[in-house]
**Student:** 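My structure is below; once you've seen it, I'll send some questions.
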Amino acid sequence: MKITFYGHACFGIEVAGKHLLFDPFITGNELAKDVDIETIPADYILLSHGHEDHVLDAEVIAKRTGAKIVATFEIVTWYGAKGIDGHPMNIGGAWTFPFGKVKMVNAIHSSVLPDGTYGGNPGGFVVETAEGNFYYAGDTALTIDMKMIPITCAPLDFAILPIGDNFTMGLEDAAIAADWVEAKNVIAGHYDTFGYIVVDKDEARKAFAKRSQKLTFLNIGASIDVKDL
Ligand code: NI
Ligand code: MN
């Protein structure tokens with residue numbers, strides 16, 4: 001399983017020969033200006049919620065690649081009207097795809113699409129595959145619901161958590177979240193893109209190290225194998 005960071009909350013995961021792309025927001029991200037969206041592979045585009053900093057480039061990438069949108073019923077319906085294929089889900093539901101099982105889990109946030117259309121509830125995803133299991137939290141506060149993940153899902157190899165504060169968990173809460181979902185390896189997301197969410201990376205690593213967790217910051221455009229986390 002290979003993990004690639006495209007900036008902000010956008011990650012590509014290559015697993016079982018398929019390319020999963022989470023929350024593509026690249027052309028609007030000055031920090032990701034060296035990423036060419038025309039070269040990003042995608043078979044499935046998973047969207048945690050409808051905010052522009054999570055969906056901006058989904059339409060263009062889906063149309064080029066033919067990728068399926070995996071998101072709430074409301075978001076999939078919105079993309080369906082643009083001629084894009086999708087798989088609708090909702091919180092608490094799981095579906096087995098060719099690459100593995102995806103469960104949509106709760107997130108405490110909001111969700112409206114760029115034109116004001118209601119996006120349903122915001123969510124996160126737990127993905128279980130033969131090559132590893134992970135939790136992609138989306139935008140969320142720390143929520144007690146995270147404690148259900150180790151009970152209802154397979155043990156995690158890593159979690160991708162927002163750490164930027166202001167709009168989501170900050171690093172102290174995110175370290176507690178890692179405890180609750182029982183992830184020793186965390187990949188940082190949702191930081192530095194805007195002035196409100198700039199983080200001190202050393203301070204962030206320390207907050208996780210205090211709980212015997214490893215926090216990884218990937219450079220934009222860089223990849224890592226799950227075995228190397
Ligand atoms: Ni958001
Ligand atoms: Mn966001």
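For ligands, and for the atoms within them, numbers begin at 1 and follow the listed sequence. If you're wondering where the values come from, they're calculated on a predicted model, not measured in any experiment.
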**Student:** What protein N/O/S atoms are found closer than 2.8 Å to the Ni ion (ligand 1)?
**Tutor:**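 Listed by chain and number, the nearby protein N, O or S atoms are His49 NE2, His51 ND1, His109 NE2, Asp139 OD2.
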**Student:** Quick one: side-chain hydrogen bond (donor to acceptor under 3.5 Å, both in side chains) pairs with a partner in residues 18-29, sequence neighbours left out?
**Tutor:**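 Checked against side-chain hydrogen bond (donor to acceptor under 3.5 Å, both in side chains) - neighbours excluded - the pairs reaching residues 18-29 are Asp23-Ser48, Asp23-His54, Asp23-Tyr136, Thr27-Asp57.
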**Student:** Report yes if the side chains of Phe99 and Leu20 come closer than 4.5 Å at any heavy-atom pair, otherwise no.
**Tutor:** yes
**Student:** Hey, could you give me each pair passing salt bridge (charged side-chain N to carboxylate O under 4.0 Å, His left out) that has a residue in residues 178-194? Not counting sequence neighbours.
**Tutor:**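 Every salt bridge (charged side-chain N to carboxylate O under 4.0 Å, His left out) pair that includes a residue of residues 178-194, provided the two are not neighbours, is Asp179-Arg211, Asp192-Lys201.
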**Student:** Is the side chain of Gln213 donor-acceptor paired with the backbone N or O of Asn185 at a distance under 3.5 Å, no angle test?
**Tutor:**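 The answer is no, because no donor-acceptor pair under 3.5 Å joins these two groups.
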**Student:** Just say parallel, tilted or perpendicular for the rings of Tyr44 and Phe97, cut-offs at 30° and 60°.
**Tutor:**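 If you compare the ring of Tyr44 with that of Phe97, the planes turn out perpendicular.
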**Student:** May I ask you to decide if Gly120's main-chain N or O and Thr72's side chain share a donor-acceptor pair within less than 3.5 Å?
**Tutor:** no
**Student:** For the Mn ion (ligand 2), report each protein N, O or S atom nearer than 2.8 Å, sorted by chain and then by residue number.
**Tutor:**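 Counting only protein N, O or S atoms under 2.8 Å from the Mn ion (ligand 2), the list reads Asp53 OD2, His54 NE2, Asp139 OD2, His190 NE2.
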**Student:** Apply side-chain hydrogen bond (donor to acceptor under 3.5 Å, both in side chains) to the pair His190 and Asp53, showing each step before the final yes or no.
**Tutor:** CA-CA 9 Å; His190 217 273; Asp53 63 314; 3.2 Å; yes
**Student:** Taking the six-membered ring for Trp, are the ring centroids of Phe5 and Phe217 within less than 6.0 Å of each other?
**Tutor:**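 No, too far apart.
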**Student:** Write down the atom of Pro162, the atom of Ala174, and the distance for their closest heavy-atom approach.
**Tutor:**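 Shortest heavy-atom separation between Pro162 and Ala174 comes out as O-CB, 3.6 Å.
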